[in-house]
Amino acid sequence: MSEKLVKEIPSKKDDISKWYISVIRKADLVDYAPVKGMMVIKPAGYAIWENIQKILDREFKKTGHQNAYFPLLIPESLLNKEAEHVEGFSPEVAWVTLGGNEELEERLAIRPTSESIICSMYSKWIMSWRDLPVLINQWVNVLRWEKVTRPFLRTTEFLWQEGHTAHRDKEDAMEETLRIINIYKNFIENSLAIPVIMGKKSDKERFAGAVETYTVEALMPDGKALQAGTSHYLGDNFSKAFDIKYEDKDNTLKYVHQTSWGVSTRLIGGLVLTHGDDNGLIIPPKVAPVQVIIIPISKGNWKESVLPVAKTVKERLENVNIRVNLDDREEYTPGWKFSEWEMRGVPLRIEIGPKDIEKAQVVLVSRIDREKRFVSLNSLEDSVKTFLDDIQKNLFEKAKKFRDEHTKSSDNLDEFKEYMKEGRGFIKAPWCGEEACELKIKEETTATIRTIGEKAKEGDRCIVCGKPAKYIPFFAKSY
RNA sequence: CGGGGCGUGGCGCAGCCUGGAUAGCGCACCUGCCUUGGGAGCAGGGGGUCGGUGGUUCAAAUCCACUCGCCCCGACCA
């Protein structure tokens, strides 16, 4: 696997940024659009998103959520209602000021997130404790005027799902917040094969308007952390700002407690960075639009001998719901096709040639390391399923090994700085809980608290100020 | 938003410094022959006006100004 066949892709190790751009474009996931910072998600990329949606949406529905759709445009007066929220988002909001040729009386924000417009509706809809909880999600686009963009990882417009729920009290809302962050963790680890650490954000890193932000953070191969999903407990901040009250069993009016949560197309960027190699993309089987590519070895009278078998193999796999393609194009050689489908990230390849026909077998080849399994046609379906499962598992194990090897502990600031300079990665270090110390670390290393981690033990001292530590956060540079 | 780099057929680049004739190369594409178990070979062919605008000049891909976009580092950012 060391030899590099696709020479147009720069080495991942040498220059991960160039590698990333090169891979997503050669694998045909994305193209640049005419507007700065905006991208076209092409069919190969969008199909991954559809698979992400399918799996997550099922989880949301299973836990009682329903989908709805709220408008793209938000009146300025609504956006301004929750003070902290406005402050957090106003630098990156795009505005509509004209309707046709008429200047609008009130500017309309293109949603950067939908808390405000959804809360304005909730205040109309929620009257009684019997109306609660409200569990609504929407799959939509949002717009944020980002200064620096990179396809999938940070774009001006992106696709996401945003869940917005309302509950009777803190306990119920907090339970929801945690339920969702666990759904995210399980999905990202099991389906995307990306290990994450789950935890709370510090006050400084918290979502604008939230009481508590829970996050799942993944470590990318360059040692930087990627925020993969967040789930916020909003308390009654928004219900007070938007006047969302219900009459409880005890005949008193109470404010609802809310949550909001989301994951975005950024997950695709994380998937590419985590699993790809110098031959291109590797898509985990569970979300791969094409899980198996069949390449007939076009030799001699292959159209009469090999091709019919290849077609049968395809049908048999389709019958057990495996997403499979047959590349029977005549104009390309098998070797060319191997490289091409590897670059596109198809996790498993089936080769069928004259030799295999004689032996009533096919050759299965893993995208990860080109491990070959020669399997009997009789056991085709089971062999393929097993191999796909193995690939899914191996991708996760590989990523987890990397993550663990790049997670260090330190209780000494100089050592901390050394670690950050060299390999980067997660560093666990005791912290007193003060923002001043958090800022100092950021100034000196550019690392931020990704999650505040577990509670510190008796005797742990803050790595910056030396006072008793409250937590052992995970620090890292971030995307 | 600050510093740096780059925009030339679909992609990757050369040419620019030191202005001058038909803008060149590799890949991709089209036609034909021949091949096919790791990106085959030969022959023929099509396609660009040099990111945009303005200027200097007899003459601009090349010099100057402005502008748009992309990439990297930083700041900012859920």
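What you see is a predicted model; the values in this text were computed from it and never measured. Reminder, nothing fancy here: chain letters follow the sequence lines and each chain counts from 1.
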For [X], answer base if it contacts any base atom (sugar-phosphate contacts may also be present), sugar-phosphate if it contacts only those atoms, and nothing otherwise; contact means non-hydrogen atoms under 4.0 Å.
X: A/P296; result: nothing
X: A/G262; result: nothing
X: A/R349; result: base
X: A/Y32; result: sugar-phosphate
X: A/K204; result: nothing
X: A/W160; result: base
X: A/G37; result: sugar-phosphate

Is it the case that more than 12 heavy atoms not belonging to [X] sit under 6.0 Å from its [atom1] atom?
X: A/K470; atom1: NZ; answer: no
X: A/W145; atom1: CH2; answer: no
X: A/E371; atom1: CD; answer: yes
X: A/K204; atom1: NZ; answer: yes

Rounded to the nearest Å, what distance is computed from the [atom1] atom of residue [X] to the [atom2] atom of nucleotide [N]?
X: A/D14; N: B/C72; atom1: CG; atom2: P; value: 16 Å
X: A/R150; N: B/C71; atom1: CZ; atom2: P; value: 8 Å
X: A/E146; N: B/A75; atom1: CD; atom2: C1'; value: 13 Å
X: A/M343; N: B/C11; atom1: CE; atom2: C1'; value: 11 Å
X: A/K442; N: B/A75; atom1: NZ; atom2: P; value: 7 Å
X: A/M39; N: B/C71; atom1: CE; atom2: P; value: 12 Å
X: A/D222; N: B/C72; atom1: CG; atom2: C1'; value: 13 Å
X: A/I21; N: B/C72; atom1: CD1; atom2: C1'; value: 11 Å

Separation between the [atom1] atoms of [N] and [M], rounded to whole Å:
N: B/U8; M: B/G51; atom1: P; value: 6 Å
N: B/G9; M: B/C30; atom1: C1'; value: 15 Å
N: B/C17; M: B/U31; atom1: C1'; value: 43 Å
N: B/G74; M: B/A61; atom1: P; value: 39 Å
N: B/C72; M: B/G32; atom1: P; value: 43 Å
N: B/U62; M: B/A14; atom1: C1'; value: 13 Å
N: B/A40; M: B/G20; atom1: P; value: 40 Å
N: B/C29; M: B/C16; atom1: C1'; value: 29 Å

Hey, is [X] close enough to [Y] for a salt bridge, meaning N to O under 4.0 Å?
X: A/E176; Y: A/R179; value: yes
X: A/R373; Y: A/D390; value: yes
X: A/D277; Y: A/R367; value: yes

State the dot-bracket string of RNA chain B. Criteria: Watson-Crick or G-U wobble, both atom distances under 3.5 angstrom; notation: ( ) intrastrand, [ ] crossing earlier pairs, | interstrand, . unpaired. ((((((((.[[[[.)....(...]]]].(((((.......))))).....[[[[[..)....]]]]])))))))....
Contacts of A/E82 meeting side-chain hydrogen bond (donor to acceptor under 3.5 Å, both in side chains) (sequence neighbours excluded), chain-then-number -> none
For B/C71, does either OP1 or OP2 sit under 4.0 Å from a side-chain N or O belonging to A/S17? no
Counting only side-chain N and O atoms of A/K18, is one of them less than 4.0 Å from OP1 or OP2 of B/C72? no
Selected nucleotide, minimal atom distance to [X] side chain, candidates [options]:
X: A/S339; options: B/G74, B/G39, B/C71; answer: B/G39
X: A/R154; options: B/G69, B/C77, B/G39; answer: B/C77
X: A/T446; options: B/A75, B/C77, B/C72; answer: B/A75
X: A/K147; options: B/C1, B/C71, B/C72; answer: B/C1

Report the residue (A/V142 or A/R25) whose heavy-atom-nearest nucleotide on RNA chain B is the more 5′ of the two. A/R25
Between A/K36 and A/P112, who's closer to the 5' end of RNA chain B by nearest nucleotide? A/K36
A/W139 and ring pair (Phe, Tyr, Trp, His ring centres under 6.0 Å): which single residue from A/W160, A/Y69, A/W49 fits? A/W49
Quick one: CZ on A/F152 to OH on A/Y20, what's the gap to the nearest 0.5 Å? 6.0 Å
Among A/L234, A/I244, A/D236, find the one that has a side chain to side chain contact (heavy atoms under 4.5 Å, CB included) with A/V256. A/I244
Atom pairs, protein N/O to nucleotides 35-37 of chain B N/O, distance under 3.5 Å:
unit_1 : atom_1 : unit_2 : atom_2 : d
B/U36  : O2'    : A/S298 : O      : 2.7
B/U36  : N1     : A/S298 : O      : 3.2
B/U36  : O2     : A/S298 : OG     : 3.1
B/G37  : O6     : A/P354 : N      : 3.2
B/G37  : O6     : A/K355 : N      : 2.8
B/G37  : N1     : A/D356 : OD2    : 2.8
B/G37  : N2     : A/E351 : OE1    : 3.1
B/G37  : N2     : A/D356 : OD2    : 3.4

Is it the case that the side chain of A/D356 and the backbone of A/G353 share a donor-acceptor pair, with hydrogens and angles ignored and the cut-off at 3.5 Å? yes
